Structure formats: structure tokens, C-alpha cells
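Not measured: the values here are computed from a predicted model.
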Amino acid sequence: GSGYSRKVVFNDDGEVIATQVDSSWPSDGAWGSDGTRRMRKSRKEVRGTPLGTVVVYEENLVWNESFVTIMPTTVRAMAAAAATVLIVLILLLGDLAAAALVACCVAVVCLSTLGAVYWYNDAINYVTSFFIIIAVGLSADAPAHVMHAYLESRAPTRQERARVALEKLGPSVFKGCLSTICGIAITGACITYIFAAFFRYLMTILVLAAYMGLAVMPVVASLVGPMPTHALPGATAEAA
């Protein structure tokens, strides 16, 4: 029995207080190759056993445990980030409708980033969830700038205000997105998973955010944009 000495723990009185029992899991159809499902089923099998407290442990279960908690953690973090961004948009833009339009653009980018996980044949893990969360903040920049210029415009119609906003901040937004894309382009040649994921998802977010700010937001604002925050040029003269 000396070969099992490391698998039995005794107290000072010589009583057995803990043991380790090795087991193996079959990889047939009943168990499958899903480690998370295997972990849950194993814990369910030993729950309520008359042997006392039984802990199912394997080195890979550390990673499987992360897969169990990553989705609810990501959802909570995204909800907190979205609420914060929405509050900031309302305070800085000063218009609830304008903030709602920018928030819609942010939601589209976030959902597209989530869909990119499947498109890149990836999985929801600590790396991909990080980029899904930061997409909330990164995607708000371009649409918010264009919407701010739209609200500051003194043009009489929605279409003209959208055109003025695009002419005023469109080049700056484009250059900002382009410079960031050029800055991360070098990571596209990396083969390490973290850097490859950094390139793929950050590039996806930046391109979609630029598209939302330069193409979608001006069109949406020209159709259903809020009323101007400043008096129209002829309003003062008519009032006088």
C-alpha cells in the first residue's frame, strides 16, 4: 500500500480524513468531448454520496470552470459598460434622442463583434469576451462625434445638418480610425493567439465603428435626427 501513501491523509490520531481516488472518463457518445458538460455531469454523479464531501478535480477543470462563468460575467460587464456609456452620451450630447441613436450604433457594433466570434471560428473565452466588452466604448466614439456636430449645426433641415456634420468632422473621424488601424496592423502577422485575436477583433470593431460614424449615422440623422439645439438663422429676425 505504500504506492497509495500520497493519496491518503491522516490526522494526528491516525484516522483517515481524506483520500484521493483516480478515475477516467470515457470519450464515447454519452460523455462527448465537451469538458464543461463532463465536469457538470461528474459533479452531479457524486452529489449526495454517503461517503461525505467528494470533490471532482482535474487539471483541465480549471479551464472548464471558466467557460461556465465567462458568459454571465461578460453579460454583466457589458450591461454595466452600456449603462455608463449611455449616461455619458446623454450628459455630453444633451439630447436623449441623439444619445439613443448613438446607442443603437453601439449595439449594432457589439452584436457584430459577438457574431465575429463565430465567423472567426473562435469561442467565448477570457480573450474574446474582453474585446466584446470594450467594443461598447470604442464603437461610441465615431457616431458620437458626428452626432455632436449634427446637433451643433445651424442648418435649417436635417439633411443639411447631416451634410455639414459629415463635412466638418468626417475627415477627422476617418483619419483617427485609419491611424489606429495602421497602428495595430503589425499584429496581423502574429501567430500567438492573444495577438491574433487582438488584431482580428480590434480591426473588426474599428472598421464597424468607422462605418457607423461615417456612413450610417449621417443617413439616420438626416431621416430621424433630433431638432437643432441652436436657433435657426432666420428665427431671430422673424421674432423681431
Let me check something: any side-chain donor-acceptor pairs from residues 99-107 under 3.5 Å, sequence neighbours excluded? List them with distances.
none

* **For Thr204, all residues meeting side-chain hydrogen bond (donor to acceptor under 3.5 Å, both in side chains), sequence neighbours excluded** => Tyr120
* Structure fact -> Closest heavy-atom pair, Pro143 versus Met212, reported as atoms and distance to 0.1 Å, is CG-CB, 4.1 Å
* To do: Could you tell me whether Ile186 atom CD1 has more than 12 heavy atoms of other residues or ligands within 6.0 Å of it?
  => no
* Asked: Does anything in residues 187-199 pair up under side-chain hydrogen bond (donor to acceptor under 3.5 Å, both in side chains), and if so which pairs, sequence neighbours excluded?
  -> Asp122-Tyr193, Asn125-Tyr193
* Structure fact -> Closest non-hydrogen atoms of Ala144 and Leu89, given as atom of the first, atom of the second and distance, are CB-CD2, 3.9 Å
Exercise answer: donor-acceptor pairs, residues 213-220 side-chain atoms, under 3.5 Å, sequence neighbours excluded:
none

* pair His145-Asp141: side-chain heavy atoms closer than 4.5 Å -> yes
* Single-linkage hydrophobic cluster Ile87~Ile133, side-chain heavy atoms < 4.5 angstrom -> no
* Asked: Checking side chain to side chain contact (heavy atoms under 4.5 Å, CB included) for the pair Phe130/Tyr201: CA distance, chi angles, key distance, verdict?
  -> CA-CA 10 Å; Phe130 169 78; Tyr201 293 107; over 6 Å; no
Can you give each donor-acceptor pair under 3.5 Å made by side-chain atoms of residues 73-80, sequence neighbours left out, with the distance rounded to 0.1 Å?
residue	atom	partner	partner atom	Å
Thr73	OG1	Thr69	O	2.7
Thr74	OG1	Ile70	O	2.6

* Structure fact -> By side-chain contact (heavy atoms from CB on, under 4.5 Å), Ala209 pairs with (sequence neighbours left out) Ser139
* **Transitive ILVMFWY side-chain link Ile194 to Tyr126, under 4.5 Å** => yes
* List, by chain and then residue number, the residues other than Phe195 in its hydrophobic cluster (Ile/Leu/Val/Met/Phe/Trp/Tyr, side-chain heavy atoms under 4.5 Å); write none if there are no others. => none
* Asked: Can you name the residues that form a salt bridge (Lys or Arg N to Asp or Glu O under 4.0 Å) with Glu167, not counting sequence neighbours?
  -> Arg163
Could you give the side-chain donor-acceptor pairs of residues 108-119 under 3.5 Å, partners two or more places apart or in another chain?
residue	atom	partner	partner atom	Å
Ser112	OG	Val108	O	2.8
Thr113	OG1	Val109	O	2.8

* Residues that His148 engages under side-chain hydrogen bond (donor to acceptor under 3.5 Å, both in side chains), provided they are two or more places apart -> none
* To do: Mark yes when over 12 heavy atoms from residues, nucleotides or ligands other than Tyr211 sit less than 6.0 Å from its OH; otherwise mark no.
  => no
* **Ala155 backbone acceptor or donor facing Glu160 side chain under 3.5 Å** => no
* Side chain Arg158, main chain Gly225, donor-acceptor under 3.5 Å -> yes
* Linking Ile, Leu, Val, Met, Phe, Trp and Tyr through side-chain heavy atoms less than 4.5 Å apart, which residues share a cluster with Leu86? -> Ile90, Leu96
* Asked: Taking a hydrophobic cluster as the set of Ile, Leu, Val, Met, Phe, Trp and Tyr residues connected by side-chain heavy atoms closer than 4.5 Å, whether directly or through intermediates, do Ile184 and Val127 fall within one such cluster?
  -> yes
Under 3.5 Å, side-chain donor or acceptor atoms of residues 173-182 against the rest of the protein: list the pairs with distances, not counting sequence neighbours.
residue	atom	partner	partner atom	Å
Ser179	OG	Lys175	O	3.1
Ser179	OG	Gly176	O	2.8
Thr180	OG1	Gly176	O	2.9

* Asked: Are Val146 and Val207 linked, directly or through other ILVMFWY residues, by side chains that come within less than 4.5 angstrom of each other?
  -> yes
* To do: Can you measure from CG (Leu93) to CE (Met147) and round to the nearest 0.5 angstrom?
  => 7.5 Å
* Roughly how far, to the nearest 0.5 Å, is the NZ atom of Lys168 from the CD atom of Glu152? -> 6.5 Å
* Asked: Is Val164 linked to Leu223 within one hydrophobic cluster, defined over Ile, Leu, Val, Met, Phe, Trp and Tyr using a side-chain heavy-atom separation of less than 4.5 Å?
  -> no
